[in-house]
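One structure below.
In what follows, residues are counted from 1 in the order of the sequence shown. As the structure is a computational prediction, the values presented were derived from the model and not from experiment. Every number for a ligand or one of its atoms is a count from 1 in the order of the listing.
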Amino acid sequence: MNKFPKSFLWGASTSAYQIEGSIKQGGKVESIMDTFDERQSYPKGITGFKTASNHYKHWKEDIALMAEMGFKSYRFSISWPRIIKNVKGDVNLEGIKFYNDLIDELLKNKIEPIVTMFHFDTPNFIEEVGGLDSSNFGKLFESYSKVLFENYGSKVKYWLTINELNMFALVGQTIGVISENSKATKWQIMHNLNVAQARAIKLCKQMLPNAKIGPAPNIATVYSASSKPQDYTAKLNFDQLRNWIYLDIVCRGDYSEWFKNFLKATNEELFITPEEVELLKTAKPDFIAFNYYSTLTVEHATVAEYEKSLKTPADQQSGLVIPGVGKTVKNPNLEKTQFGWEIDSIGLKNTLKEIYDRYQLPMMITENGIGARDVLTDDNKIHDDYRIEYYQKHIIAMSDALKDGVDLIGYTPWSAIDLVSTHEGIGKRYGFVYVNRDEFDEKDMKRIRKDSFYWYKDVIKTNGKKI
Ligand code: BG6
């Protein structure tokens with residue numbers, strides 16, 4: 001195994017709406033995710049994000065468990081609707097205090113906070129000024145960012161702008177992040193988010209010159225399903241729409257020529273102001289954070305196949321069809337999780353190398369993990385050897401990528417403790433710590449260390465030598 005740098009940020013990740021619960025407490029206003037289970041065809045019985053893992057009440061205990069595992073970092077999101085009360089920008093002091101206390105507790109335990117500023121939970125008041133469809137979104141995101149930088153800037157060094165900006169465009173409906181009232185095209189929404197991100201980066205540089213800020217899309221190597229030239233063409237084009245346009249805009253300051261031509265060919269026009277063009281040229285990140293679960297395999301797709309695909313919703317890892325570009329197909333060489341997500345650790349190494357070759361910036365893997373139906377034994381144990389095996393392979397892949405020269409500074413897999421999946425409930429567990437609740441019964445929310453908890457503790461203690 002290649003050595004991990006001494007300062008490597010081992011840790012894990014969560015997001016506010018999937019872990020906190022207490023959606024009506026502490027002055028929090030409503031977010032689009034609060035009613036997700038009512039709006040979507042969630043499996044029956046799921047008690048969803050309303051209670052989640054009740055981290056709002058258990059946060060101290062949760063941080064103590066992270067400290068016990070020896071975390072060097074913890075990536076969590078701040079809930080925008082817990083911080084800002086309305087479209088005027090009034091600040092909720094109780095929300096400010098909640099995260100202040102949490103950050104202080106992390107620092108007390110020598111855990112570096114890595115803050116996602118926005119992880120899917122758009123406050124509903126944004127709808128009053130046009131929601132994600134409007135350029136007002138960016139203005140409000142900037143004023144929210146200012147409140148974050150003012151309040152936490154002296155303590156937080158690492159900032160992530162928007163979680164999986166690309167997933168808003170690609171699977172926004174499935175994961176419930178786009179309102180049913182939305183009229184804008186997905187590319188316009190993507191652009192509005194890009195502008196919001198650029199505003200936050202620019203402001204961060206002005207207000208916190210010593211901080212580091214970066215995007216956090218979901219990036220993954222794309223394979224061509226065969227050596228047929230049209231499948232390879234699909235791979236290259238899919239790469240653009242799945243991966244690169246979201247990093248090009250923030251790292252290089254413009255959309256690729258291919259994407260501009262793609263918009264023309266599909267008769268779409270983005271509404272972009274000259275000020276936005278200038279802003280996007282200047283707001284550059286310090287590092288690239290990205291989430292990685294699996295690779296994609298694509299082949300050429302006809303327009304008829306695209307029309308058919310509109311009737312079957314896709315999630316992050318499956319069933320994407322982009323007309324004239326390509327469609328994802330199964331990769332027969334890869335094993336799958338219980339939830340059908342392909343497992344590809346070598347793909348992680350290759351993704352790291354591709355991103356580094358393209359942008360030459362330090363990188364952080366902010367999500368990676370295996371969703372599983374963990375079983376609690378009668379003697380209160382969780383033998384999640386499949387999770388340990390998954391992480392072993394992915395850590396080897398990271399080490400191999402380091403050997404090939406990439407600059408990787410941290411790993412915060414998904415997730416620190418069990419939380420509610422974006423659209424498959426608490427039954428799809430990711431944590432190192434089991435949270436005792438299920439879809440139908442919120443039980444006692446007891447925290448129980450899984451086998452992977454003890455294993456990860458050793459990994460961190462030996463800086464990745466003992467896996
Ligand atoms: C990422 C998201 O896309 O994937 C997380 O940032 C999410 O919020 C994770 O939980 C796993 O996806 P899922 O659908 O299994 O929860």
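- Aromatic rings of Tyr293 and Trp414 (six-membered ring for Trp) have centroids beyond the 6.0 Å cut-off, not under it.
- Taking 4.0 Å as the cut-off, Gln18 counts as a neighbour of ligand 1 on heavy-atom distance.
- The six-membered or imidazole ring of Tyr391 lies near that of Phe432, with a centre-to-centre distance under 6.0 Å.
- For an aromatic pair to be called close, the ring centres must be under 6.0 Å apart, and Phe137 with Trp80 satisfies this.
- Remark: aromatic rings of Phe168 and Phe120 are close, center separation under 6.0 Å.
- Under a 4.0 Å criterion applied to the non-hydrogen atoms of Lys428, ligand 1 contributes the atoms 13 (P), 14 (O), 15 (O).
- Not one N or O of Ser15 is nearer than 3.5 Å to an N or O of ligand 1, by distance alone.
- Every residue meeting the side chain to side chain donor-acceptor pair (under 3.5 Å) condition with Lys353, not counting sequence neighbours, appears here in chain and number order: Asp404.
- Distance check, rounded to the nearest 0.5 Å: CD of Glu61 to CG of Asn54 gives 10.0 Å.
- Looking at residues two or more places apart in sequence or on another chain, you find a side-chain contact (heavy atoms from CB on, under 4.5 Å) between Ile103 and Phe76, Leu107, Pro113, Tyr152, Lys155, Val156.
- For Leu419, no heavy-atom contact with ligand 1 is shorter than 4.0 Å.
- In this structure, Phe8 has its ring center no closer than 6.0 Å to that of Tyr411.
- Looking at Glu424 next to ligand 1, no N or O pair under 3.5 Å apart turns up.
- Shown in contact with His423 at under 4.0 Å from a heavy atom are these atoms of ligand 1, numbered in order with element: 14 (O).
- Near Asn291, meaning under 4.0 Å from any of its heavy atoms, are these atoms of ligand 1: 6 (O).
- In terms of polar-atom proximity, defined here as any N/O pair under 3.5 Å, Tyr17 makes no such contact with ligand 1.
- Residue contacts with ligand 1, taken as heavy atom pairs separated by less than 4.0 Å, involve Trp341 solely via side-chain atoms from C-beta onward.
- Of all atoms in ligand 1, numbered sequentially from 1 with element shown, those under 4.0 Å from a heavy atom of Tyr430 are 11 (C), 12 (O), 13 (P), 15 (O).
- Proximity of Met167 to ligand 1, defined as any heavy-atom pair under 4.0 Å, is not found for any part of the residue.
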